[in-house]
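Since the structure is predicted, the reported quantities are computational estimates derived from the model, not experimental observations. First the proteins, then the strands, lettered A, B, ... as listed; each starts at 1. These values consider heavy atoms only, across backbone and side chains, with no hydrogens, waters or symmetry-generated copies.
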Number of protein chains: 2
Amino acid sequence: MNVEFVGRVGHDGAVSTTDNPETTARRRGRRPAGQDTRTALIEAARAVFAENGYDGATVRAIATRAGVDAAMVNHWFGSKEGLFAQAVLELPFDPMELQKALRDGPGDELGERIVRTFITRWDSAGGGQFVALIRSITGHEQAGHVLRDFFQRFFSGLISSIGSDRIPLRMNLCATQMVGLGMVRYVAKFEPLATEEVEVLVRAIAPNLQRYLTGEIG
Amino acid sequence: MNVEFVGRVGHDGAVSTTDNPETTARRRGRRPAGQDTRTALIEAARAVFAENGYDGATVRAIATRAGVDAAMVNHWFGSKEGLFAQAVLELPFDPMELQKALRDGPGDELGERIVRTFITRWDSAGGGQFVALIRSITGHEQAGHVLRDFFQRFFSGLISSIGSDRIPLRMNLCATQMVGLGMVRYVAKFEPLATEEVEVLVRAIAPNLQRYLTGEIG
DNA sequence: GTCTATACAACGATAGAC
DNA sequence: GTCTATCGTTGTATAGAC
């Protein structure tokens, strides 16, 4: 799928000046200013993704619950994945665009690119968003399922492009390293890692990630 | 809380009493049934650890808040670290005993022992305890500080025994791998890793942890 | 009477003030 | 360097539950 990332990233703009979000009557044409379709979609998406996982959740179901047309998903978030990123994971980047960028370059340096990009993006977004992500995962029972689907899609696409065996396990192992990195740097804030230079961490962690991607894992 | 009679017994057997209810002196000997010193210590420890971190919290301060003697910490929990494990981290094992066990064996197999023990212990405890641990870290602001102190003490003791440089960073890197492993196996429950055989994971992960412990990290 | 939870004193280690 | 305060821990006598 070719995805153009339209949705805003991270910040909550001054969009929501809604006075009554519980209106059930639907009109055709452009709705009055201040009716925050985008927020309604995010809330509906949180519920539907949590209930059914990524693959099980349909754009139509989300739009119906939000009380808007399904086309609004593409208008506000570019794609189903863009909505997913904004609503559930609150990622500070677009997964597809990132995956595409990571594929550019030699396969034996993929781990390096992943670690560098991961730290750079989350750093610039501020650690608070990662904390919110983890909290949503530990809080809701189904949120782990959502993250699992996402990781599977994201990492398995990367790994398959360099042709390793035991893709599912390798994807899981990569997840342990990257999630743990986020936990230590942004949630628990261990020193010196939390304030360490990016390239130092890349040199330290990338070889381990690369082993999970293409190395011998027993 | 549990002081209804305030008195002090001198060496000569004379009993001097006071009617001041705020006197800190307490009777010796076994207290009336139903006065749960152990629970009082855990509750006090939660508060003091959360306020001051591991090193900042003193056994005496905890005992004072619980209204008992500091020696009760050793009597009921073996040590300050045992109390910490029970009260804040709710670990399914005793950190000191575990650290001692991990030191037995060749240094180049330390990573293997850590991974195997980590998975075995948490598996037998059920993943729910790990979820609770993570939730307490993400929830309370100070809990990350507590975990940080604990990890530092636990891992730095292990690493220093095998003599590597850059101990603090290596400890942090080990934390990324182990915390991430716990997140993926017990919280997010990625498959196949969540139900994978222990020894398969040991072969996959131990070399990476060993590199953080004694290898070249850039 | 027996057992044990308890308080108190004291020890070695350690960190900071002077 | 010396002194002091405080830390975690240990030993021990004992009060009170059983």
Pairs under 3.5 angstrom, nitrogen or oxygen only, protein versus nucleotides 10-15 of chain C, please.
| from | atom 1 | to | atom 2 | distance (Å) |
| --- | --- | --- | --- | --- |
| C:dA10 | N6 | B:Arg60 | NH2 | 3.3 |

* Structure fact -> Whole-Å distance, B:Asp55 CG to C:dG16 P, equals 12 Å

* Structure fact -> Out of D:dC7, D:dT9, D:dT10, minimum distance to the side chain of B:Ala71 belongs to D:dT10

* Rounded to the nearest angstrom, tell me the gap between atom NE2 in B:His75 and atom P in D:dT14. => 18 Å

* Separation of A:Glu109 CD from A:Leu102 CG (nearest 0.5 Å) -> 12.5 Å

* **Interatomic distance where NZ belongs to B:Lys80 and C1' belongs to D:dT10 [whole Å]** => 17 Å

* To do: Return the set of residues passing salt bridge (charged side-chain N to carboxylate O under 4.0 Å, His left out) with B:Glu90 (not counting sequence neighbours), or none when no residue passes.
  => B:Arg46

* Asked: For B:Ala57, which contact category applies under a 4.0 Å heavy-atom criterion: base, sugar-phosphate, or nothing?
  -> sugar-phosphate

* CE of B:Met72 versus C1' of C:dT6: gap in Å, rounded? -> 5 Å

* **Separation of D:dT10 P from B:Trp76 CH2 (nearest whole Å)** => 17 Å

* **Distance in angstrom units between B:Asn74 CG and C:dT6 C1', rounded** => 13 Å

* Asked: Quick check: does any side chain N or O of A:Arg203 sit under 3.5 Å from a backbone N or O of B:Ile217, one acting as donor and the other as acceptor?
  -> no

* Side chain of B:Thr37 - closest among D:dT9, C:dT6, C:dC8 -> C:dT6

* Let me know the distance between CD1 of B:Ile62 and C1' of D:dC7, rounded to the nearest Å. => 12 Å

* Among C:dT6, C:dA7, D:dT9, the nucleotide that comes nearest once only the side chain of B:Asp69 is considered -> C:dA7

* Between B:Tyr212 and B:Asn172, do the side chains contain an N or O donor and an N or O acceptor separated by less than 3.5 Å? -> no

* **Any donor-acceptor pair under 3.5 Å from B:Arg153 side chain to B:Glu81 backbone** => no

* How long is the span from the CZ atom in A:Arg211 to the CZ atom in A:Arg170, to the nearest 0.5 Å? -> 8.5 Å

* To do: Compute whether any side-chain donor of one residue and acceptor of the other, for A:Gln210 and A:Thr214, lie under 3.5 angstrom apart.
  => yes

